[in-house]
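Note sheet for the following structure.
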Amino acid sequence: MRAFSKAAALFLLACALPGAGLAQAGAPQTSLRPLARPVPEGVPATRAIPVSRNAAVVVPGVTLAVSSSLRPQLRPRDLGTASTSAPQAQPVASNPGFEAWKRGFRGRAMAQGITAATFDRAFRGARFMPDVIKKDRNQSEFTKSIQDYMEGAVSDSRVRNGRRAYGQQSRLFSRIERSYGVPGRYIAAIWGLETAYGSYRGKTPLISSMATLAYEGRRGRFYEAQLIALLKVVQHGDSTPENMQGSWAGASGHTQFMPTSYLSYAVDFTGDGRRDIWAEDPSDSLASSANYLARHGWKAGQPWGLEVVLPQGFDYSLSNGPEKMPSAWARLGVRPARGELRDFGQARLLLLAGAKGPAFLVFDNFDVIKRYNNADTYALAVGILGDRIAGTGDITRPWPAGERMLKRDERIELQQRLQARGYDTGGIDGILGSRSIAAIRAYQRRAGMLPDGHPSVALLTRLRR
């Protein structure tokens, strides 16, 4: 499932936020995917990289650009960036270099168990697609405010459409939940973010697009692996080359799996002998996503997280870092925005917009969602959207308006300026991990600011003085 990105805007968005990663997209409200990404419903989104609970803290950012997600296993940054109105990449006449590459790849594929008949069948209509190379080379980094990102990801229309889709497929979601232990509402949320509940799954022929990217060579080994996976799909009879369509970057199906992720996690939930995530029937796709989350450690009975309210004078150095049991957080004055605070397990305090925005306690299942798309914004959107589909109200504290997230070059500049002032960021690489956040907090304290560790445009502007 994950490689690079999907709905470009959604994707980029999610990636820019601290803690962002990679993932997928949807239709008029498709996916925030992986550079995380929401957009108006109907636009696809981006991919992710496995996350460890012990990994350095990364500040979630909202970048409409790239990010990787295991979607289920590395996806290209721009996966799912297409919008419903955007033209699909089109094959062109035969390219001599491409034809020579195909002949060489044929031998490599056969060495990996692909039969000559399968290869020739799959490549019968394969063509070089220059538009795909153009898209791959021109993935600009755009930034969007977290308010815009989250309001697009969890808009009223996406919630309304999600409730309708969930109701129409209630028996299917119940079966999936019983089989994998993952609540159906969160699978429905992934479906909504990735392809707007199946309404936009991409129409680019995968054999041609993957072959074009493998031939181009910049990530040749990666895309040859995706091609081998697609050839195995054809050889097994799960689908046909004609039916295998999706994002130009390789994600496909109702929940946007990359081909290699398909091989590892796709399931035949209908029992017809085929793992067909490309069918109109979403059963295999939705069950495959549940299987993916279950295989990555989903804990039945544990929530992804919940919104909380912080007390006056709260110590913000505790945010985006140490884990505590909810009862320990409660002793610090943290209380739930609604419902009750129970000891479901260790939780950390997540502030994607600093002290000005809403606060959340997030559990292990939050990081499991990030295995689908490694961005805090994406996982948060899945959690909130899933809960709203199930009937819960929206969050109680609004996202701060008008503040965009820092681009990569700005994050690098932020680290450089902090280092120049004597604050150790642990490196200058644009990745705002725990040491960079600690450096931001130290600077904020000395400057008389609230030390929430949030890497804002205002903070960078102040450092430039």
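Just so it is clear, the model here is predicted, and its values are computed rather than measured. One is the number of the first residue; the rest follow in order along the sequence. These values consider heavy atoms only, across backbone and side chains, with no hydrogens, waters or symmetry-generated copies.
Here Trp248 contributes atom CH2 and Thr204 contributes atom OG1; the two are 9.5 Å apart, rounded to the nearest 0.5 Å. Atom OG of residue Ser239 and atom OH of residue Tyr262 lie 7.5 Å apart, to the nearest 0.5 angstrom. Between the CD1 atom of Ile395 and the CZ atom of Arg388 there is a distance of 9.5 Å, given to the nearest 0.5 Å. Between Leu450 atom CG and Lys356 atom NZ the span is 10.0 Å, to the nearest 0.5 Å. Rounding to the nearest 0.5 Å places OH of Tyr180 at 5.5 Å from CZ of Phe269. Distance check: Ile369 CD1 to Asp364 CG gives 11.5 Å after rounding to the nearest 0.5 Å.
One finds no salt bridge joining Asp409 and Lys407 here, because no Lys/Arg side-chain nitrogen approaches an Asp/Glu carboxylate oxygen to under 4.0 Å. Using a 4.0 Å cut-off between charged nitrogen and carboxylate oxygen, Arg417 and Glu410 do not count as a salt-bridge pair. Between Asp367 and Arg348, at least one side-chain nitrogen of the basic residue sits less than 4.0 Å from a carboxylate oxygen of the acidic one, meeting the salt-bridge criterion. Of the charged side-chain nitrogens involved, at least one lies within less than 4.0 Å of a carboxylate oxygen, so that Glu413 and Arg464 count as a salt-bridged pair.
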Determine, step by step, whether Leu310 and Leu332 satisfy the side-chain contact (heavy atoms from CB on, under 4.5 Å) criterion, reporting the C-alpha distance in whole Å, the side-chain angles of both residues, the deciding distance to 0.1 Å, and the verdict. CA-CA 9 Å; Leu310 305 180; Leu332 294 172; over 6 Å; no
Walk me through whether Leu459 and Met449 qualify under side-chain contact (heavy atoms from CB on, under 4.5 Å). CA-CA 10 Å; Leu459 176 66; Met449 304 167 66; 4.1 Å; yes
Could you go step by step and tell me if Glu307 and Leu361 meet the side-chain contact (heavy atoms from CB on, under 4.5 Å) rule? CA-CA 6 Å; Glu307 184 187 5; Leu361 285 184; over 6 Å; no
Would Glu280 and Arg201 count as a side-chain contact (heavy atoms from CB on, under 4.5 Å) here? Give the steps. CA-CA 10 Å; Glu280 287 301 316; Arg201 288 170 276 162; 2.7 Å; yes
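Although no hydrogens or angles enter the test, the distance criterion places a donor-acceptor pair under 3.5 Å between the side chain of Arg218 and the main chain of Asp136. Between the Asn320 side chain and the Leu351 main chain, a donor and an acceptor come within less than 3.5 Å of each other. In this structure, Tyr292 contributes its side chain and Arg371 its backbone to a donor-acceptor pair below 3.5 Å. Between the Arg441 side chain and the Tyr316 main chain, a donor and an acceptor come within less than 3.5 Å of each other. Checking side-chain atoms of Gln302 against main-chain N and O of Asn365 turns up a donor-acceptor pair under 3.5 Å. Checking side-chain atoms of Tyr197 against main-chain N and O of Arg158 turns up a donor-acceptor pair under 3.5 Å. No donor-acceptor distance shorter than 3.5 angstrom exists from the side chain of His236 to the backbone of Arg275, with no hydrogens or angles considered. Remark: side-chain polar atoms of Gln444 are paired, donor with acceptor, to backbone N or O of Gly453 under 3.5 angstrom. Between the Asp238 side chain and the Asp276 main chain, no donor and acceptor come within less than 3.5 Å of each other. In this structure, Gln245 contributes its side chain and Trp278 its backbone to no donor-acceptor pair below 3.5 Å.
The shortest non-hydrogen separation linking Asp284 to Asp268 is OD1-C, 3.7 Å. In terms of heavy atoms, Ser264 sits closest to Arg295 at O-NH1, 3.4 Å. The two residues Ile431 and Ser436 have their closest heavy-atom pair at O-OG, 3.9 Å. Minimum interatomic distance between Ser317 and Arg445 (heavy atoms only, all atoms of both residues): CB-NH2, 3.5 Å. Closest non-hydrogen pair, Asp424 versus Gln419, comes out as OD1-OE1, 3.5 Å. Across every non-hydrogen atom of Ala165 and Phe173, the tightest pair is O-CE1, 4.3 Å.
At a threshold of 4.5 Å between non-hydrogen side-chain atoms, the residues Ile384 and Thr392 do not count as touching. Side chains of Tyr186 and Leu385 form no contact here, defined as non-hydrogen atoms less than 4.5 Å apart. Counting heavy atoms from C-beta on, the side chains of Leu460 and Leu406 come closer than 4.5 Å. Looking at heavy atoms from C-beta onward, Leu206 lies in side-chain contact with Ser252 at the 4.5 angstrom threshold. By the 4.5 Å heavy-atom criterion applied to side chains, His254 and Ile277 are not counted as neighbours. Here the side chains of Arg335 and Val308 are not in contact, with every heavy-atom distance at 4.5 Å or above. Side-chain contact between Arg404 and Val457: present, with at least one pair of heavy atoms (C-beta onward) separated by less than 4.5 Å. Between Phe344 and Pro326, the closest side-chain pair of non-hydrogen atoms is not below 4.5 Å.
Residues Tyr265 and His296 bring their aromatic ring centres within 6.0 Å.
With no hydrogens or angles considered, no side-chain donor-acceptor pair links Ser289 and Asn291 at under 3.5 Å.
Atom CZ of Arg408 has 12 or fewer neighbouring heavy atoms from other residues, nucleotides or ligands inside a 6.0 Å radius. With a 6.0 Å radius and a threshold of 12 heavy atoms from other residues, nucleotides or ligands, Arg446 has its CZ atom at or below the threshold.
Using bins of under 30°, 30° to 60° and over 60° for the plane-to-plane angle, the ring pair Trp329/Phe314 lands in the tilted bin.
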